[in-house]
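The structure under discussion appears below in the form of C-alpha cells.
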Amino acid sequence: MEDYGKIKKLHDSLQKKEFSCEELTKTYIGAIEADNPALNAYIHFTPETALAAAQEVDAKIARGETLDILEGIPMTLKDNISTTGIETTCGSKILEGYRPVFDATVWELLRSRGAVLLGKTNMDEFAMGSSNETSIYGGAWNPHNTAHVAGGSSGGVASAVAGNLAVYGLGTDTGGSIRQPASFCGIVGLKPTYGAVSRYGVVAYASSFDQVGPIATNVEDTALVYDALAKQDPRDSTSRGARELVCDTLKKDIKGMRIGFAKQYFDGVRDEVREAVERSMQVYRELGAELVEVDLPQLSYALPVYYILSCAEASSNLGRFDGIRYGYKAKNYSDVNEMIAKTRSEGFGKEVKRRILLGTYVLSAGYYDAYYKKAQSLRGMLVQAFQSAFERCDVIAAPTVPMTSFERGKAAQNTVETYLTDICTVPINIAGIPALSLPCGFDQKGLPIGLQLIGNSFCEATLLNAAYQFEQATRETVFRAAKMGVR
Ligand code: GLN
C-alpha cells in the first residue's frame with residue numbers, strides 16, 4: 001500500500017470489510033516477527049493485547065457500527081509512555097520489569113478511540129541521546145540501511161514506522177527526539193507547541209522541554225493523530241490543548257504564505273543537506289509562497305542553553321529512581337543510603353549519569369548564577385528572537401539535522417560532537433514552539449534528508465498545511481523513494 005494517506009485508506013478498507021482488523025493486525029505481527037530482529041525497533045512486543053483490541057474492533061464492524069478514523073489502526077508507543085500492565089522501561093536497567101498502574105493521557109486518548117497497540121518501542125535511555133544506542137536494549141536500526149542508526153531518542157518508533165512495523169507511533173521530543181529520527185528514517189515527525197499535548201504519565205526527562213507527538217509516514221496521518229492528542233488535560237497543569245483542528249485546513253492553498261529562512265540555520269550543515277533544503281525553498285516559491293529572510297543570531301547560544309537546562313531538570317526528575325518505588329534494586333547493601341547509591345550506580349547507564357552529574361553541578365551553590373541562571377535568561381532571549389521572526393513570516397524552513405544518519409557506533413565515539421548535531425532542533429524546544437520534519441531528498445548513499453518546518457506557538461494548523469502542500473508537490477520525487485523497508 002502506498003504510504004500517503006495510509007490511515008484513511010486502512011480505515012476505509014476496514015469499514016468496507018475488505019479485510020478484518022484481526023487480519024490487518026496479524027499482518028503487522030508477522031512483519032514484526034520477521035523484521036524486528038534486524039531493526040531492534042520493538043522492545044516490548046504485545047501481540048496478545050493487539051489481537052484482543054482488534055477483535056473488539058471487528059465486533060463493532062460486524063454490528064454495522066461506524067468506526068472512528070483511528071480505530072483498528074495498528075500503532076506503537078515509545079517506551080517512556082506509561083501503559084497499564086505493559087512494561088515501561090525508558091530503555092533503562094533501572095526500570096526493568098516496571099509495569100505502570102495507570103495510562104499516560106496520550107495513550108488513554110488513543111486507546112479510547114480503538115487504537116491497536118502492537119508494543120512499545122526502543123529509545124535512548126531516558127530519552128538522552130541521538131542514535132538510540134544508549135538504550136540498555138541496544139540501538140534501533142535504520143530501515144533504509146541497517147548499518148546506520150534510526151536516530152534518537154525515539155529511534156524505535158521511527159524504525160518501526162519507516163520499516164512498516166506500525167502505521168504510526170508516538171514519540172517524545174525534548175531537544176529533537178521526534179524530528180531527528182523522523183529525518184534519519186525518511187518519515188514525518190511533529191513536535192507540538194509546549195503545552196498542546198498532555199505530559200501526564202510520560203516519564204519526565206526535562207519537564208519544561210518535553211512534548212509528545214506523532215511519527216508517521218505522511219503529513220495527513222501526522223495531522224490526524226495530532227488532532228487526537230492535542231487536548232487540555234486537568235492532570236497536566238501545563239497543558240492547554242489546541243486552538244483548532246489541523247485537519248480542517250490541511251489542504252488549503254498556500255499562495256502568499258511567508259516562508260522564512262535564516263542563514264544561521266545553515267552554519268556547519270553538510271552540502272547535500274543544505275542543497276536539499278534550498279531546493280525545498282524553490283518548491284515553496286513554485287507553490288506561490290513568498291520567501292523572506294529572517295535573522296536569528298541567537299541560535300549560537302542554543303546548544304549550551306539546552307544542555308545546561310535539560311541536564312538541570314533531568315538531575316531533579318531522575319531523583320525518584322531510588323530502588324524503593326520502581327524497578328531495579330541493588331542486591332547487597334548494609335543501609336538505605338548504600339542501597340540507593342548502589343541502585344543508581346548499577347541501574348543508570350553512562351550517558352544518564354553524565355547528565356545527572358552535569359545537572360547537579362550547574363545547580364549547585366556557587367555555580368547556579370554562572371550557569372543555570374544565565375542559561376535561563378538566554379532562554380528568554382531565544383523566545384524573543386523567534387517571536388520577532390514570526391512577525392515577518394508564517395513558517396521558518398531549515399534543516400532538521402546538519403547531516404544524514406550516522407553509522408552504527410559513531411555517536412558513542414565522541415559525545416560532544418554528537419551533542420553538536422542537535423543544533424537545528426534544540427532551539428525549538430527552548431522556545432516552546434512547534435516544528436516538524438518531513439523528507440525532502442536523499443544523500444548519495446541513499447539516506448534520507450529531512451526538511452524542518454518551524455511554526456509560531458499554537459500555529460500547528462499553518463505548519464501542517466505548509467508541510468502537506470510540500471509533500472503533495474514532491475510526492476513523485478521524494479515520497480516514492482521514502483517507502484523502502486527492510487523487506
Ligand atoms: N538528542 C537530544 C539529547 O540527547 C534530544 C533528546 C530528546 O529530545 N529527548 O538530549
Side-chain angles (χ1 to χ4, degrees), residues 77-81 90-92 121-135 139-140 149-158 169-185 189-192 194 197 199 202-215 302-315 317-318 348-359 362 375 399-403 405-406 410-437 450 452:
L77 296 172
K78 184 177 182 177
D79 201 37
N80 57 353
I81 298 175
C90 294
S92 181
T121 20
N122 207 347
M123 57 182 282
D124 279 297
E125 187 176 3
F126 284 101
M128 298 173 183
S130 303
S131 69
N132 205 117
E133 290 164 300
T134 70
S135 166
V149 302
S153 64
S154 314
V157 180
L170 298 190
T172 61
D173 192 313
T174 305
S177 285
I178 288 175
R179 291 160 287 156
Q180 188 256 30
S183 168
F184 279 9
C185 291
L190 167 71
K191 195 244 19 134
Y194 185 79
V197 177
R199 291 180 294 112
V202 178
V203 181
Y205 159 18
S207 312
S208 77
F209 297 81
D210 300 342
Q211 266 298 282
V212 180
I215 296 181
L303 272 174
V305 168
Y306 170 75
Y307 276 98
I308 289 171
L309 296 181
S310 67
C311 290
E313 293 185 24
S315 73
N317 276 327
L318 270 56
F348 286 132
K350 205 167 124 192
E351 183 59 26
V352 174
K353 282 183 202 155
R354 185 188 344 259
R355 296 197 192 195
I356 292 174
L357 287 174
L358 268 169
V362 300
T400 307
V401 197
M403 71 271 289
S405 164
F406 328 123
K410 272 269 150 54
Q413 281 168 12
N414 192 329
T415 308
V416 175
E417 247 174 53
T418 305
Y419 288 179
L420 293 177
T421 63
D422 293 333
I423 180 65
C424 302
T425 47
V426 296
I428 309 313
N429 305 72
I430 295 172
I433 53 183
L436 60 80
S437 180
Q452 183 172 215

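Remember, it's 1-based here, ligands and their atoms both numbered in the order they're listed. Predicted, not measured: the structure shown is a model, and the values here were computed from it.
Annotation: atom 4 (O) of ligand 1 to nearest protein heavy atom, Arg355 NH2, 2.9 Å. Protein heavy atom at the shortest distance from atom 2 (C) of ligand 1 is Asp422 OD2, 3.2 Å. Counting protein heavy atoms only, atom 7 (C) of ligand 1 is closest to Ser177 OG, 2.4 Å. Of all protein heavy atoms, the one closest to atom 1 (N) of ligand 1 is Ser130 OG, 2.9 Å.
Distance alone, capped at 3.5 Å, places no donor-acceptor pair between the Glu125 side chain and the Gly91 backbone. With Thr400 contributing its side chain and Gln452 its backbone, the two residues share a donor-acceptor pair below 3.5 Å. A donor-acceptor pair under 3.5 Å is absent between the side-chain atoms of Thr121 and the main chain of Gly156, judged by distance alone.
Considering both main-chain and side-chain atoms, Met128 never comes within under 3.5 Å of ligand 1 through any nitrogen or oxygen pair. Looking at ligand 1, you'll find an N or O of Gly175 within less than 3.5 Å of one of its N or O atoms.
Considering Asn317, Thr174, Thr172, Asn80 in turn, Thr174 is the only one that fulfils the side chain to side chain donor-acceptor pair (under 3.5 Å) rule with Asp210. Evaluated for a side chain to side chain donor-acceptor pair (under 3.5 Å) with Asp173, the options Gln180, Gln211, Arg179 yield exactly one hit, Arg179.
Tyr419 does not count as a contact of ligand 1, since none of its heavy atoms falls under 4.0 Å from the ligand. Heavy-atom separations between Tyr306 and ligand 1 include at least one value shorter than 4.0 Å.
Those atoms of ligand 1 that come under 4.0 Å of a heavy atom in Ala127, given as number and element, are 6 (C), 7 (C), 9 (N). Interface atoms of ligand 1 facing Ser153, defined by a heavy-atom separation under 4.0 Å, are 9 (N).
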Working for ring pair (Phe, Tyr, Trp, His ring centres under 6.0 Å), residues Phe209 and Tyr306: CA-CA 9 Å; Phe209 297 81; Tyr306 170 75; 5.8 Å; yes
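Residue contacts with ligand 1 for Tyr307 involve side-chain atoms from C-beta outward but no N, CA, C or O (heavy atoms, distance under 4.0 Å).
A distance of 9.0 Å separates CG in Leu303 from SG in Cys424, rounded to the nearest 0.5 Å. Here the CD atom belonging to Glu351 is positioned 10.5 Å from the CD1 atom belonging to Ile356, to the nearest 0.5 angstrom.
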